[in-house]
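Report on the following structure.
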There are 2 protein chains.
Amino acid sequence: MVAERADAARNRRRVLAAAAALFAEHGAANVSMEQIAAEAGVGKATLYRRFPDRAAIAVALLDEHERALQDELISGAPPLGPGAAPAERLAAFYAAMVDLLEQHGHLVLGAEVGHRRFDVGAYQFWRTHVLTLLRDAHVERPEVMVELLLAPVAPEVHRHQREALHHTAERVKAALAELAHRVLDRPETDKGT
Amino acid sequence: MVAERADAARNRRRVLAAAAALFAEHGAANVSMEQIAAEAGVGKATLYRRFPDRAAIAVALLDEHERALQDELISGAPPLGPGAAPAERLAAFYAAMVDLLEQHGHLVLGAEVGHRRFDVGAYQFWRTHVLTLLRDAHVERPEVMVELLLAPVAPEVHRHQREALHHTAERVKAALAELAHRVLDRPETDKGT
DNA sequence: AGTGATATGGACGCACCGTCCGTTTCGCCG
DNA sequence: CGGCGAAACGGACGGTGCGTCCATATCACT
């Protein structure tokens, strides 16, 4: 890859901007590739050249926001970053995920992203992070448990909680925090190490 | 409703049989309404008269199998039925759900059922059951927690575990059992009543 | 400026959805 | 037993969105 041609880069930016606007207005599920192409002022083939489907566009838009959280997890202050107890870090991660879903959930909800969410790079990152926490806490079968613990913050679940059940984000966070502590706190372990 | 006309009943049976065969062969996601109608030997309008979409057909097919588990939860022997400790019952419920997904997961995976899974009657049933367990175990915010605890046995999650991660059903069951115990067992509570 | 590689755009073919309406079948009633 | 209104049927139809194809325009390097 010798460097992206100038017109290609310009069109990529246009597409992303158009998609962001349309997704925000109509919801990611109700926007067709044709609409995005028209709004961006590019042809459909141009769109398909860069992004194989809607999911890829949504992922590209999400990436930016997710990267911020990823940085925090790696090198931020506790309890999100390193230093706190695993249960605390998991609770903090859950809370951050809820915030992320509150802000940008509309990008993923309803689109095929839901089906492919396990494939996107971000999921692998969350997975690795929580896996580390589970290993730190000496949980058995961490590779399986990590999937179970990620499931409660799946976009569909969050949407269900917020829209159908009318739970507040705060209540959801509280329940997730309790879940984190119940799963990772070993009561017999001495707290003051 | 004065009683279903004979031809209507016959066609309903045909449709369900055809759908079951096609879903089993090609997967629920890859079967169109047209295919089902053709296989059943009925017109498309006839199909739409009974079932608004693929999801409704899949739900109708699943219902039968789910009902068996529902009966067990209500009146079966412990630990699935009443009598055992909440953590035991939750673990047993998880195991039964895994069995259900192993057997009939292909009906729901990939179809729109995934999107609407919160709407189907069966979900409400699982929800009520687990909610009862949570109340018995004096968990806080049970209405929120129940959604979090149901998420790990969502069809997509299970498929991901089995197909992409190559975890065995047994490993998943074991992890779910551990999750159930970690969440619901109160270590300080006396085990002997 | 010339030139080959790369990118563009919109038309095209395809598949499926969900509806519409003329025709057929049912089951009751005289 | 035959007629009749209601209910069900079936396949054609219009519409939407997908993903591809290729003639044309644009770029970047010499």
Side-chain angles (χ1 to χ4, degrees), chain A residues 1-19 21-23 25-61 107-116 119, chain B residues 1-19 21-23 25-61 107-116 119:
Chain A
M1 192 200 288
V2 285
E4 195 170 44
R5 254 174 59 169
D7 50 348
R10 176 172 44 79
N11 279 339
R12 167 195 262 105
R13 266 179 279 116
R14 279 192 192 170
V15 166
L16 251 29
L22 287 173
F23 283 178
E25 186 177 2
H26 306 293
N30 306 316
V31 177
S32 71
M33 292 297 257
E34 257 130 347
Q35 272 179 285
I36 297 171
E39 174 83 11
V42 305
K44 204 146 53 118
T46 306
L47 186 52
Y48 275 99
R49 171 181 301 277
R50 312 242 174 289
F51 306 101
D53 52 31
R54 259 201 308 274
I57 301 178
V59 167
L61 287 172
L107 288 179
V108 56
L109 292 172
E112 301 90 6
V113 184
H115 288 191
R116 306 203 187 163
D119 304 330
Chain B
M1 192 202 286
V2 285
E4 194 171 44
R5 253 173 61 169
D7 51 347
R10 176 172 45 80
N11 280 339
R12 167 195 263 103
R13 265 179 280 118
R14 279 192 191 169
V15 165
L16 252 28
L22 288 173
F23 284 178
E25 186 176 2
H26 302 111
N30 305 316
V31 176
S32 70
M33 292 297 255
E34 258 129 344
Q35 272 179 283
I36 296 171
E39 174 83 10
V42 305
K44 203 145 54 121
T46 306
L47 188 52
Y48 275 99
R49 171 181 301 276
R50 313 243 174 289
F51 306 101
D53 51 30
R54 257 199 310 273
I57 301 178
V59 168
L61 287 172
L107 288 178
V108 56
L109 292 172
E112 301 90 5
V113 184
H115 288 189
R116 305 201 187 163
D119 303 330

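Every chain is numbered from 1 and lettered A, B, ... according to where its sequence line falls, protein lines coming before strand lines.
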Rounded distance (Å) that lies between atom P of D:dC18 and atom CG of A:Leu47:
9 Å
Nearest to the side chain of A:Arg50, heavy atoms from C-beta on, is which of C:dG9, C:dA7, D:dC18?
C:dA7
Quick one: A:Arg14 CZ to C:dG9 C1', roughly how many Å, whole number?
13 Å
For the student: nearest non-hydrogen atoms of B:Leu107 and B:Ala58, plus distance
O-CB, 3.6 Å
Of the listed nucleotides (C:dC26, D:dC18, D:dG10), which one gets closest to any side-chain atom of B:Asn11?
D:dG10
Interatomic distance, CG@B:Leu22 vs CZ@B:Arg54, rounded to 0.5 Å, equals 11.5 Å
Assuming nearest nucleotide by heavy-atom distance, tell me which of B:Gln35 and B:Asp7 is located more 5' along DNA chain C.
B:Gln35
Which heavy atom of A:Ala18 sits nearest to which heavy atom of A:Ile36, and what is that distance?
CB-O, 4.1 Å
Main-chain N/O of B:Arg10 paired with B:Asp7 side-chain donor or acceptor, under 3.5 Å
no
Determine, step by step, whether B:Leu47 and B:Ile57 satisfy the side chain to side chain contact (heavy atoms under 4.5 Å, CB included) criterion, reporting the C-alpha distance in whole Å, the side-chain angles of both residues, the deciding distance to 0.1 Å, and the verdict.
CA-CA 10 Å; B:Leu47 188 52; B:Ile57 301 178; 4.0 Å; yes
Does the protein touch nucleotides 19-24 of chain C at the base, only the backbone, or not at all? Give it as B, S and - per nucleotide, heavy atoms under 4.0 Å.
BB----
Would you mind reading off the distance between A:Glu34 atom CD and C:dG9 atom C1', rounded to a whole angstrom?
13 Å
Flag, side chain of B:Asn11 to backbone of B:Arg14, donor-acceptor distance under 3.5 Å:
no
Nearest heavy atoms of B:Gln35 and B:Asn30, plus distance in Å:
OE1-O, 3.5 Å
Nearest to the side chain of B:Ala8 - D:dG10, D:dA8, D:dC18?
D:dA8
Identify which nucleotide among D:dC18, C:dC17, C:dG9 has an atom closest to any side-chain atom of B:Met33, counting heavy atoms from C-beta outward.
C:dC17
Verify the contact: side-chain N or O of A:Thr46 to OP1 or OP2 of C:dG9, cut-off strictly under 4.0 Å; return yes or no.
yes
To the nearest Å, how far apart are A:Ile36 CD1 and C:dG9 C1'?
16 Å
Take atom CZ of A:Phe51 and atom C1' of D:dC18, then tell me their distance rounded to the nearest Å.
17 Å
Atom-to-atom span, CZ of A:Arg10 to P of C:dT6 - whole angstrom
19 Å
With a non-hydrogen cut-off below 4.0 angstrom, is B:Arg12 in contact with a base, only sugar-phosphate, or nothing?
nothing
